[in-house]
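Just follow the structure's listing: the first ligand is 1, and inside any ligand the first atom is 1. Residue numbers start at 1 and run along the sequence shown.
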Amino acid sequence: MTRQPPFLPMSVKEAEKLGIRQFDIILITGDAYVDHPSFGTALLGRVLWDAGYSVGIIAQPDWKTDGDFTALGKPRLFFGISSGNVDSMVNNFTPNLKRRSDDVYSPGGILRRPDRATIVYTNKVHGLFPDTPIVIGGIEASLRRFAHYDYWQDRVRQALLADAPANLLVFGMGERQVTGIARRLAAGESVTSLRDMPGTAYGMEIAEWRSQCPEGIVELPGFTEVSQDKTAYARAFALHYYEQDPVRGKSVAQPHPKTVVIQNPPALPLTTEELDTIYELPFSRKSHPAYKQPVPALEPVQFSVTSHRGCFGECSFCALTHHQGRIIQSRSTASIIREVTRMTMMPEFKGIVQDVGGPTANMYGLSCEQWETFGACRNKHCTPSCKTLKTSHKNQCELLRALREIPGVKRVFIGSGIRYDLALADDADYLRTICDHHVSGHLKVAPEHIAKKVTGIMNKPDRAVFDRFREQFESLQKGKKSRQYLLPYFMSGHPGCTMADMIELALYIRDNRLYTEQVQDFTPTPMSVSTCMYYTGLNPFTLEPVHVPKGQEKKIQRALMQYRDPRNKGFVIEGLRAAGRTDLIGTGSGSLVTAEDRGNRQFLTKYIGTKK
Ligand code: SF4
């Protein structure tokens, strides 16, 4: 294999220049090809190339015709298909189910990704190359690997392997899996024999499943059952959630009408050395030169650095536990320094490192001695109250100091959110370090709510912890020339949140001067715990009922967070009345909104529309 090229080839002409007559692997993606490690296709393409395979990329093919799919010919080993960095339905629709007008992963922001891109691309490739193995992966495939609630159709859909003619599904981050698949196919194994690979799922004929009854596999209630019975859906969710650990997790099977989908345990986390190698591959940090217009998603991450993977926070509305897992995998300081040093040599680099982090910025270097031998605990969350969790941020402080000292670096920012309960448990003065050096005007934190019942359901630290963090942050502002502010993210409409809880949050926002124009309204994205609650009305781990705000109530909850916006006045008044809190309507100092007037009433009637 030749050395890594400046960009992976997207055309026969580029392939010929590299001496390639047939690609080993062709990767198809719903994103533009941006040669940056935060774009999954670029990352896996570079990793496969590093392992000795030639890789061609088909980015954003026109799925209505054949030409783009056949442009690079037939690969020797397999097609790898992904919707791109984001689930195509999340990408193509707003949380209110309106079609978006642009796509930040496309040149010029132009829409070029079909709905349910993985299924569409896979059908197309299977039709054109019926004998070539197809491996699907990426966030869409990963988080739709079991029967799942689909918000866009408001129904339970089959696992992707039952809906798309793919041979294998790769879930999680994928490097171990794709290189393993390539190696075994190149050695002559057939794709149907690759059933033992961690981090992959496959389909089995029903007759074979019945005849084998393999032991040691956790069998979930099947698609037919979970699509008709919400309690069965919740039970199935809890069963597969508990097995998502690479050390102690078991294989999980779910029967579907025409196939049985079997998920092997997750792939083992990468070692520090492996992560270092991957992130130091020669990414150009640019979009492919074939594009005439910029790809908007590149700009905010072009000079950001991944320091680690995984998150043990287990926030209920985030599906990361099902994708990257809870075990933190950190790079070495030396490797990150080398990556940033290389960035400083790019003419486009202006001295600003936009972010150093992972899913949660301050989990870099944190660990638990159990992870390697027993995995993360099945029935216990990793919080600072667990004595086994090492919460010192010393490694992070040292890393940040070293990055600040690299010649050519003017500022190093922390753009990823920080987990404030961990920052409070730290013994290395982390918060002072980031306030002094790594935050411009605002520090992002995500308390999400303050009502105890809601933070409990969200699996977030409670209000007292956030209040302590705010105090500590404020104490660090004393004597500063330029004051910094906390930018808290709060969420409305989450399962478990009642109107009374939302009013409690609105009052907290008002009393603590935390009003913000940025509002998050809960969206049921695939495979999160919260989405399971949204669909079933049950906590999957206890099967206790959970209140689920929907329709008009959800709109009112959202409006309550932005009670100052005149357009929300009607919703806010309606919510306050429904909750018996008319004491908060009026002109008194304790009010959230003034009473409606006659002129406003007409506007409100029009704005609110018909109640569900
Ligand atoms: S011992 Fe504590 S930190 Fe370690 S995996 Fe279990 S809960 Fe998490």
Exercise. Who's the nearest protein heavy-atom neighbour of atom 7 (S) of ligand 1, and how far?
Worked result: His381 O, 3.4 Å

Exercise. Is it true that Glu405 and Arg401 have a side-chain N and a carboxylate O under 4.0 angstrom from each other?
Worked result: yes

For this session: Show which atoms of ligand 1 fall inside a sub-4.0 Å distance from at least one heavy-atom site of Trp371.
Result: 5 (S)

Exercise. Should Phe374 be listed as contacting ligand 1, given a heavy-atom distance under 4.0 Å as the test?
Worked result: no

For this session: If the plane angle is over 60° it's perpendicular, under 30° parallel, otherwise tilted; pick one for Tyr420 and Phe469.
Result: tilted

Problem set entry | His381 versus Arg326, side-chain donor and acceptor atoms under 3.5 Å | no

Problem set entry | Phe374 atom CZ, over 12 foreign heavy atoms within 6.0 Å | no

Exercise. By side chain to side chain contact (heavy atoms under 4.5 Å, CB included), which residues pair with Ser440, not counting sequence neighbours?
Worked result: Phe413

Problem set entry | Leu43 side chain reached by Phe283 side chain, heavy atoms, under 4.5 Å | yes

Exercise. Side chains of Ser38 and His36: donor-acceptor distance under 3.5 Å anywhere?
Worked result: yes

Seminar exercise, completed: If you count every protein N, O or S atom closer than 2.8 Å to atom 6 (Fe) of ligand 1, you should arrive at 1

